[in-house]
There are 2 protein chains.
Amino acid sequence: MKSAAKAMQEDTAETGAQQIRDAIREAIVERRLSPGTKLSESDVGNLFNVSRTLARAALQALSYEGLVSVEKNRGAFVAYPSPEEARQIFAARRLVEPGILREAAAHITPADIKQLKQLLLEEGRLMSERGQTARRAEIKASGDFHLMLAEISGNAIMQRFMEELVARSSLVIALYGQSTASSCGHSEHGDIIAAIESKELDRACQLMLHHIAHIEADLDLRERKSLGLKEAFEL
Amino acid sequence: MKSAAKAMQEDTAETGAQQIRDAIREAIVERRLSPGTKLSESDVGNLFNVSRTLARAALQALSYEGLVSVEKNRGAFVAYPSPEEARQIFAARRLVEPGILREAAAHITPADIKQLKQLLLEEGRLMSERGQTARRAEIKASGDFHLMLAEISGNAIMQRFMEELVARSSLVIALYGQSTASSCGHSEHGDIIAAIESKELDRACQLMLHHIAHIEADLDLRERKSLGLKEAFEL
DNA sequence: GACGATCAAATTGTATACGATCTTTTGCAC
DNA sequence: GTGCAAAAGATCGTATACAATTTGATCGTC
């Protein structure tokens with residue numbers, strides 16, 4: 001689904017680094033890589049059988065997206081968003097997603113709606129399945145719903161911004177999420193589609209805001225970062 | 001003013017490439033570099049007395065911001081946004097700037113207002129001056145108004161996004177702008193501040209939308225790019 | 001003289017090498 | 001045994017070198 005946007009700038013991007021970047025990003029978004037995991041340039045390079053040059057380029061790009069943080073002379077790590085960053089990520093989503101939804105609703109075609117529903121179906125199917133791979137696919141599908149709306153909006157810039165926000169959200173949920181049901185708001189996705197379909201735009205926006213609030217409400221945004229130093233043993 | 005945000009991630013960024021990146025970006029935003037200008041890695045490296053490695057890294061970063069487009073095996077060029085891209089950039093601004101303004105108004109302090117007014121004053125002073133350097137400084141100050149609002153909003157993510165949008169807007173105006181008065185909307189900035197100051201939030205948002213529309217109205221977004229291929233000779 | 005193929009120049013893509021900086025450990029003194 | 005200092009190890013920062021691709025030119029042929 002995102003292939004269209006990717007293909008457009010495919011010849012503008014370097015072949016090697018791009019692949020590695022995408023592979024690592026996918027691993028982060030699907031939570032195979034946990035926040036804080038070290039990603040040394042040598043290791044990444046060896047893993048993908050390329051030189052450190054390419055590994056470095058990939059990590060730099062990911063750093064630019066906020067998915068990894070590279071610390072000078074120390075190394076690159078899967079980003080470990082602070083509670084404050086987490087709040088800002090969701091504030092940003094509350095700020096832009098209603099607008100994206102409105103734009104999407106203005107351009108949406110029957111084919112788009114069909115595709116959205118299919119995505120929803122797939123999401124539901126994965127939810128009922130068991131196993132890690134199904135869980136990861138479900139996480140991805142859950143984010144893809146929001147991404148697809150951005151794609152339908154027809155604004156490539158907002159689309160790219162949403163890709164960044166969704167990816168970073170995944171990190172935040174991995175860190176601070178509480179509920180076991182990772183995509184608690186599956187039914188909410190369906191409600192939003194229904195509202196769009198029946199042209200109830202304001203209601204769709206309200207539902208979207210509630211949906212985002214719902215995800216955020218499942219977080220425990222308390223600073224529990226490096227309390228392992230002392231506090232962890234003096235209870 | 002943007003030093004605060006920059007300083008926070010200063011140790012996470014590599015020293016050399018960052019400087020070059022910023023220097024080139026500034027040159028692009030101030031329109032010393034025209035859209036389409038070739039930026040070969042060797043030339044950039046020689047110019048800044050660094051190796052191609054760093055030049056390349058800087059160009060890649062700028063490519064990520066949408067300010068330069070690197071074409072595989074061909075080189076990097078100052079971005080040449082299409083009319084469609086231009087529309088999307090301004091659509092994105094219309095989408096996010098009202099929200100940013102609301103967020104900023106919620107957090108604004110008297111000191112912030114004072115600083116905003118000072119920026120406005122500076123902008124006016126530069127407008128009355130003559131010469132290229134004054135013109136460039138004026139362009140920068142005009143964008144800084146929007147960036148300062150984003151900074152006041154307290155959301156670093158939205159701030160960075162706005163930095164990208166403002167920079168790309170400068171490219172669009174350089175390409176498609178018609179009026180000689182580069183920052184036509186100087187007075188509008190003042191109006192917006194006034195509306196914020198008197199807590200007329202809805203009115204401030206309206207003014208902001210009008211302001212953006214005003215900038216966009218000064219553009220001539222007709223495809224005059226490479227229609228020279230065939231259409232240019234079959235009239 | 002025009003068209004096409006082959007070759008040379010320039011530019012990017014990737015790898016390797018060396019130097020700088022930070023972390024960690026080790027050893028010594030107290 | 002504790003604490004500090006110095007050295008060893010690991011990792012990044014940057015430069016240089018070589019390979020691949022593209023572009024432009026030259027030469028030959030029709």
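Any value given below was found using the heavy atoms of this structure, including those in side chains, with hydrogens, waters and symmetry copies removed. The model shown is predicted, which means the values in this text are computed figures rather than measured ones. The chains referred to below are lettered A, B, ... by the order of the sequence lines, with proteins before strands, and numbering in each begins at 1.
Between the CD1 atom of A:Ile20 and the P atom of C:dG13 there is a distance of 14 Å, given to the nearest Å. Going from atom CZ of A:Phe77 over to atom P of D:dC12 covers 8 Å, rounded to whole Å. Protein atom CG of A:Asn49 is 14 Å distant from nucleotide atom P of C:dT14, rounded to whole Å. Between A:Glu71 atom CD and D:dG13 atom C1' there is a gap of 16 Å when expressed in whole angstrom units. In this structure, CG of B:Asn73 is placed 5 Å from C1' of D:dT21, rounded to the nearest angstrom. C:dT12 atom P lies 10 Å from atom CZ of B:Arg74, rounded to whole Å. Taking atom CZ on B:Arg21 and atom C1' on D:dG13, their separation rounds to 17 Å, with Å as the unit. What separates CG of B:Leu59 from P of C:dG13 is a distance of 11 Å, to the nearest Å.
Listed candidates were C:dT11, D:dC12, C:dA15. Nearest to the side chain of A:Ser42 is D:dC12. With distances taken from any side-chain atom of A:Ser40 to the nucleotides D:dT14, C:dT21, D:dT11, the minimum falls on D:dT11. The side chain of A:Ser51 sits closest to C:dT16 out of D:dT22, D:dG13, C:dT16. Checking D:dT21, C:dT16, C:dT14 against the side-chain heavy atoms of A:Leu54 singles out C:dT14 as nearest. With distances taken from any side-chain atom of B:Lys72 to the nucleotides C:dT14, D:dA15, C:dG13, the minimum falls on C:dG13. Comparing C:dC22, C:dA15, D:dT14 against the side chain of A:Val50 picks out C:dA15 as the nearest.
The aromatic rings of A:His146 and A:His211 sit parallel, their planes meeting at an angle under 30°, below the 60° perpendicular limit.
A donor-acceptor contact shorter than 3.5 Å is absent between the side chain of A:Asp144 and the backbone of A:Ala141.
The shortest distance between the side-chain N/O atoms of B:Arg56 and the OP1/OP2 oxygens of C:dT12 is not below 4.0 Å. B:Arg52 has no side-chain polar atom (N or O) that falls below the 4.0 Å cut-off from OP1 or OP2 of C:dT12.
B:Arg160 and A:Glu164 are joined by a salt bridge, as a carboxylate oxygen and a charged side-chain nitrogen come within less than 4.0 angstrom of each other.
Atom CD1 of B:Ile100 is separated from atom CZ of B:Arg93 by 9.5 Å, given to the nearest 0.5 angstrom.
Along DNA chain C, the nucleotide nearest to B:Glu41 and the one nearest to B:Thr53 differ in position, and the one closer to the 5' end is contacted by B:Glu41.
No donor-acceptor contact under 3.5 angstrom links the side chains of A:Arg56 and A:Gln60, judged on distance only.
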